[in-house]
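Naming: A, B, ... by sequence-line order, numbering from 1 per chain. Model, not experiment: these values are computed from the prediction.
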Amino acid sequence: MVVAPDPTAPVVTVGVYYKIGFRLEPQGRSGFAHLFEHMMFQGSENAAKMQHIKLINSSGGVLNGSTMYDVTNYYEAVPSNALERVLWLEADRMRALKVDDENLRNQRDVVKEEVRVNVMNQPYGGFPWLDMPPVAFRNWANAHNFYGDFADLDAASLADVQAFFRAYYVPNNAVLLILGDVNSSEGFALAEKHFANIPAGPLPKFADPSEPKQTEERRGDVVEKFGTLPAMAIGYVLPQRRAPDWFAMALLDQALHGGRAGRVYRELVLEKQLAVEADGGIDDIFGYNGPSQITTRIFHKPEVTSEATLAAFDSIIREIQEQGITASELDQLKVKWRSDYFATLEGGRGGHMPKYGLMHLLACFTLFDGQPQLVNTILEDFLAVSREQVQQVARTYLTMQNRAIVFRKPAPAAQEAA
Amino acid sequence: MASQAPRSATAVPDLAPEREVRWPQRAKFQLANGLSVILVESHTVPKFHGELFFRSGNAAAANRGIALAEMTATMLRTGTTHSTSRQIEERLRGLGADLSVNAGQDTSAISFAGLSDHAEPLLQLVNELAREASFPASEFERERRQKLEEVKLERTQPGFLASERLRKVLFGNHPYALVSPTEQQVSAYTLEQLQLLYRDFYTPENAILLLVGDFDSPAMQGAIEKVFHSWSGKKPDAPQSAPPAAPRGRHVYLVDVPGAVQAQILCGVHAINRKHPDWIKLGLTNSLYGGAFNSRLVMNIREDKGYTYSPRSGVNPLRQHGYFSVSAAVRNDVVAASLTEIFYEIDKLRSLPVPDAELLDAQNYLTGVFSMGLATQSGLLSQISTLALNELPDDYLETYRQKVRALTPPDILSAARTYLDSSNMQIVAVGDRKQIESQAALFGDFEIYDAKGNRQL
């Protein structure tokens, strides 16, 4: 466990991270890790359904959970006088989940509406985070529908819930974090009191998420039901996490996708004016632990072809491969990186979840690296990147045989309606 | 699930004594040119966050063009008399800064955040955008084209279609009725309109500058005086619009999106603005109804019935007139069932006093979440913005918690009866007419529109 004291405000943030995400959920059960996350709010041994939410809200706090590629988190921010109550609740559900078929039916319905509101009934829903994996990857772990096919959600049973809980929700596969208005000795003592007697289980056996070597560019098409603009997403597989190339790739990402100053937006939207929107980046750079991509999204004008748009994008990549970046550009990128890093540490989910970012980094550095203190030093590795390294990673990784492209094409009806 | 594990303590731990909530000092001053400034120190990270607000937005520009203040705001960063668009963006990056310029109904704002060690150059850039925007013609045509694509895209988003229709229904001829321009209106914008609006709205007498972050207030005050002292300009005349008439009776407005796999419900009724003495009372009532996870509406239509993922209610504080709204994106076959529960929970709150224990829970929730604003620079800035823009009393932050705690079940009953006015609530449903028409029509007089806003038979 990790305690990070800061007495600025009488607020404490608590997180429990389990090292299992949607990447390694069981085959034939797409979407299960996320459905399971919902089940963790449905009742535990001493806190029935509704109690988790009620106890946190009525203590003056907020709570949520989220399922990511390689971790699932549960977190609360509460006035600091509710710390012990929060720890008791988290320990209770780590010890024993207590849910029934009725709870499962209820949350299956809720999750389906979540998928409809975020994906199926929205323009560009799931673009590209759900479109890209089946095109880019060959290992089921990386390539399946993370939100879940409805047939798989329907097939999920209470026995699956119990098996998943036993396999992955053991204390030795988790990290507890307490941040904010707490002193270290009190934090550790309370954690000891509530969590120490939860028995360890066998460490989970994780499937191998590695990918077979890619040898050529991959492409796929997805129909856009509602939106009026043709769009594309271009993803390149990233270097090994925390390898020297990975730090350089983060600065290259900033050069390409750093807002309106980034080369992609500047060239495609502001200067050549082929696109009306272009963005991208490395999604949750500290929070994944398997194959992942740096991705660019481009929404281009209907009168511009996708070939012309892609050619303009390719010339941006070629220029950076051939010319590299300037010294003053790199200086700017580093200042912005430093500023963004501090913002990550402080923030911030909607202003109501202080220290979410610090919690997330500490958790991922603990579960993936066994070194939470990386949070204090990792910034230096980004600031040490050279121009030559940026150019070199552009040459090595931004290649045809390392990329996949998804074209999101408006259905004829959508274009007509526009 | 059965458990083999040793038992945990079965009783919920009590809350420890509360630590005092202490709001930081606010340094307030005004420059000779009329610019009001509020500074608040918060040393969480070596950064600061700021807003330069102008007290005029799209509503004040409605007699000139729809959403004209927003288009003007969009243009600010595309060029000044000293800098091209590209130079502005690269300066921002080199300062480690984020910046956006936006306009809503009641205000226009330059919002920014940056590193404390580059504070003054960022203020200089904000000053340049506020005073010396040059509105280059080629940038304008590009931004206009982007805006045209944006207004087309909006019409494919169920949430937008719902709020657009609700605003029209609630606000009639008032500027608040219009949330977005048509393609024709965007095409009709002229550079001269934008420049005139910029000259009128972006003045120090019309502005308020708020900064929260890791700085020393006296030193920051010196930097602000240096950067902004030579700015000048008068407060613009604020066109007054007659207060909108509240629609009477319950009406249903269906926006037809053929093939939609879900229905977006949005209900609304006139309420009050942020300055009204009942604001806190209504806020607590909303929190009990549908403003929190642990609220009656969420427990009913999500956690009990599974109709929806994210139901919620809220009080929307426009300067001249607020409104209360309830929203839920629901399965197509439970539109009628969801509306029934939405109104059941409202009418219950209007009929029966809320139990003491439930009220206490909601009071704890609202006061606890309010204090979380202290923990981050952006949270604190948002609290200070609310205070400044609504001219709330200086002790508002310090007294808010007591005011919430003083409320009683009869207060909630009276607020619900006054403001959660279910018999005059307007209902919008966006979805596939074939699947939801017969369900929606059960709830009142009925009109149907297409996604472009044309009335259908």
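- For A:Leu55, the part lying under 4.5 angstrom from a heavy atom of chain B is the side chain only.
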Exercise. Starting from the C-alpha separation in whole Å, work towards a yes-or-no answer on side chain to side chain contact (heavy atoms under 4.5 Å, CB included) for B:Leu115 and A:Phe342.
Key: CA-CA 9 Å; B:Leu115 290 164; A:Phe342 294 142; 3.8 Å; yes
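- Judged by distance alone, with hydrogens and angles left aside, the side-chain atoms of A:Asn57 form a donor-acceptor pair with the main-chain N or O of B:Asn294 at under 3.5 Å.
- With a 4.5 angstrom heavy-atom cutoff, B:Asp450 does not touch chain A via any of its atoms.
- In this structure the side chain of A:Arg116 reaches within 4.5 angstrom of the side chain of B:Arg331, judged on heavy atoms.
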Exercise. Mind running side chain to side chain donor-acceptor pair (under 3.5 Å) on B:Thr44 and A:Glu346 for me, showing each step along the way?
Key: CA-CA 7 Å; B:Thr44 49; A:Glu346 188 196 28; 2.7 Å; yes
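- B:Leu15 places a side-chain heavy atom less than 4.5 Å from the side chain of A:Ser59.
- Between the side chain of A:Asn121 and the backbone N or O of B:Val261 there is at least one donor-acceptor pair closer than 3.5 Å.
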Practice problem: Step by step, work out the side chain to side chain donor-acceptor pair (under 3.5 Å) result for A:Glu277 and B:Gln146. | Solution: CA-CA 8 Å; A:Glu277 181 58 84; B:Gln146 284 177 253; 5.8 Å; no
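- Annotation: side chain of A:Val62 is not in contact with side chain of B:Phe293 (no heavy-atom distance under 4.5 Å).
- You'll find the side chain of A:Leu229 stays beyond 4.5 Å of the side chain of B:Lys152, heavy atoms only.
- Under the 3.5 Å distance criterion, the side-chain polar atoms of B:Gln262 are matched with a main-chain donor or acceptor of A:Glu113.
- The contact between A:Tyr124 and chain B is made entirely by side chain atoms (from C-beta outward), counting heavy-atom distances below 4.5 Å.
- A salt bridge does not link B:Arg93 with A:Asp331: none of the charged nitrogens is closer than 4.0 Å to a carboxylate oxygen.
- Looking at every heavy atom in both residues, A:Pro302 comes nearest to B:Glu149 through CD-OE2, 4.1 Å.
- With a 4.5 Å cut-off on non-hydrogen atoms, B:Gln377 touches chain A through its backbone and its side chain both.
- A:Lys49 places a side-chain N or O within 3.5 Å of a backbone atom of B:Glu303 that can act as its donor or acceptor partner.
- Using a 4.5 Å cut-off between heavy atoms, B:His118 touches chain A through its side chain atoms alone.
- Of the two parts of A:Tyr341, neither the backbone nor the side chain holds a non-hydrogen atom closer than 4.5 Å to a non-hydrogen atom of chain B.
- Looking at heavy atoms from C-beta onward, B:Leu374 lies in side-chain contact with A:Pro10 at the 4.5 angstrom threshold.
- At a threshold of 4.0 Å, the pair A:Lys336-B:Asp98 counts as salt-bridged, since one of the basic side-chain nitrogens sits closer than that to a carboxylate oxygen.
- Only the side chain of A:Val11 has a heavy atom closer than 4.5 Å to any heavy atom of chain B.
- For A:Val78, the part lying near chain B is the backbone, with the side chain staying farther off; criterion is any non-hydrogen pair under 4.5 Å.
- For chain B, the nearby part of A:Gln273 is the side chain; its heavy atoms alone come within less than 4.5 Å.
- Here the side chain of A:Asn106 pairs a donor or acceptor atom with the backbone of B:Arg302 at under 3.5 angstrom.
- Heavy-atom distances place the backbone of B:Val330, and not its side chain, under 4.5 Å from chain A.
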Practice problem: Walk me through it: do A:Arg263 and B:Glu90 pass the test salt bridge (Lys or Arg N to Asp or Glu O under 4.0 Å)? | Solution: CA-CA 11 Å; A:Arg263 287 167 179 244; B:Glu90 291 183 354; over 6 Å; no
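- Proximity to chain B (any heavy atom under 4.5 Å) is shown, for A:Gln51, by neither the backbone nor the side chain.
- Using a distance-only test at 3.5 Å, with no hydrogens or angles considered, no donor-acceptor pair links the side chain of B:Asp361 to the main chain of A:Ser58.
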Practice problem: Decide salt bridge (Lys or Arg N to Asp or Glu O under 4.0 Å) for B:Arg145 and A:Glu303; before the verdict, give the C-alpha distance in whole Å, the side-chain angles of both, and the deciding distance to 0.1 Å. | Solution: CA-CA 13 Å; B:Arg145 172 66 195 271; A:Glu303 69 267 27; 2.7 Å; yes
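- To the nearest 0.5 Å, atom CD1 of residue A:Ile53 and atom OG of residue B:Ser295 are 10.0 Å apart.
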